[in-house]
Amino acid sequence: MNTIVVATSNPGKIKEYQTLFPNFLVQSLKDVHYEKEIEENGTTFEENALAKAKQVSKDLGIPVIADDSGLEVDALHGRPGIFSARYAGDHNDEQNNVKLLEEMMGITDRTAQFVCVIALYFPDGKYYLSRGICKGEIVNTPKGKNGFGYDPCFYLKAYHKTMAELPMAEKNKISHRAKALNQLKELVYENFSDK
Ligand code: IMP
């Protein structure tokens, strides 16, 4: 069976991609003992996802999937964007949310979007990119315990709830990641139905 590596250490993501590619063995970086540092110094989600997938694919000689995601706030001209994980320091969700609400204090335009870009890179240089967006608004007071990252600060008008108040199964239907995954699925079926 052919292998696809997903450039992540998150077991949840591996499971999702395994469903998407039933005819491939989907493995994590840990599964294939890939320990090299992965460069992430692009200026867009696309550049980062592609660079990660390309580096690992070239090193291992097999197809690789990588994603990059974050929060873009309109009033902050798209920040924190690609720096979402490191907005207030290093990967500290709570501090990121505190910083976000401080920056948004007194601002009436609260519109924002979650973005997820997925890259699928083949060792011969062929690649596919998909992008999913989920629109919402930044709250004044965080609410909810589900999810991660900025979920407690991200309000979904249609549900009258923050992303962190939605059950995981609901989030997984409407999230930026779900949309990017579905788009990738379409690309895969269009281009690799024989694989
Ligand atoms: P990564 O692309 O998985 O590294 O995510 C980058 C950062 O974007 C995360 O650390 C979060 O701060 C933020 N982020 C991405 N997706 C979500 C989400 O679904 N909910 C909340 N925050 C997210």
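Note that ligands are numbered from 1 as they come in the structure, with each ligand's atoms numbered from 1 the same way. Here, residue 1 is the first one in the sequence, and each next residue gets the next number. What's counted below: heavy atoms across the whole structure, side chains too, no hydrogens, waters or symmetry copies.
In summary, E103 and R79 engage in a salt bridge, as defined by a charged side-chain N under 4.0 Å from a carboxylate O. A salt bridge links K171 with D151; the closest basic N to acidic carboxylate O contact falls under 4.0 Å.
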For a quick test of your reading: what N or O donor-acceptor pairs under 3.5 Å do the side chains of residues 138-146 make, sequence neighbours left out?
{"unit_1": "N140", "atom_1": "OD1", "unit_2": "R110", "atom_2": "NH2", "d": "3.4"}
{"unit_1": "N146", "atom_1": "ND2", "unit_2": "A164", "atom_2": "O", "d": "3.4"}
{"unit_1": "N146", "atom_1": "ND2", "unit_2": "L166", "atom_2": "O", "d": "2.9"}

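Qualifying salt bridge (Lys or Arg N to Asp or Glu O under 4.0 Å) partners for E165, counting only residues two or more places apart in sequence or in other chains: none. Applying the salt bridge (Lys or Arg N to Asp or Glu O under 4.0 Å) rule to E170 yields the partners K173; only residues at least two apart in sequence or on another chain are considered.
Near ligand 1, residues K13, D68, S69, G70, S84, A85, F114, F148, G149, Y150, D151, K171, H176, R177 each place a heavy atom inside the 4.0 Å sphere around the ligand atoms.
Annotation: the span from D90 atom CG to Q95 atom CD amounts to 10.0 Å, rounded to 0.5 Å.
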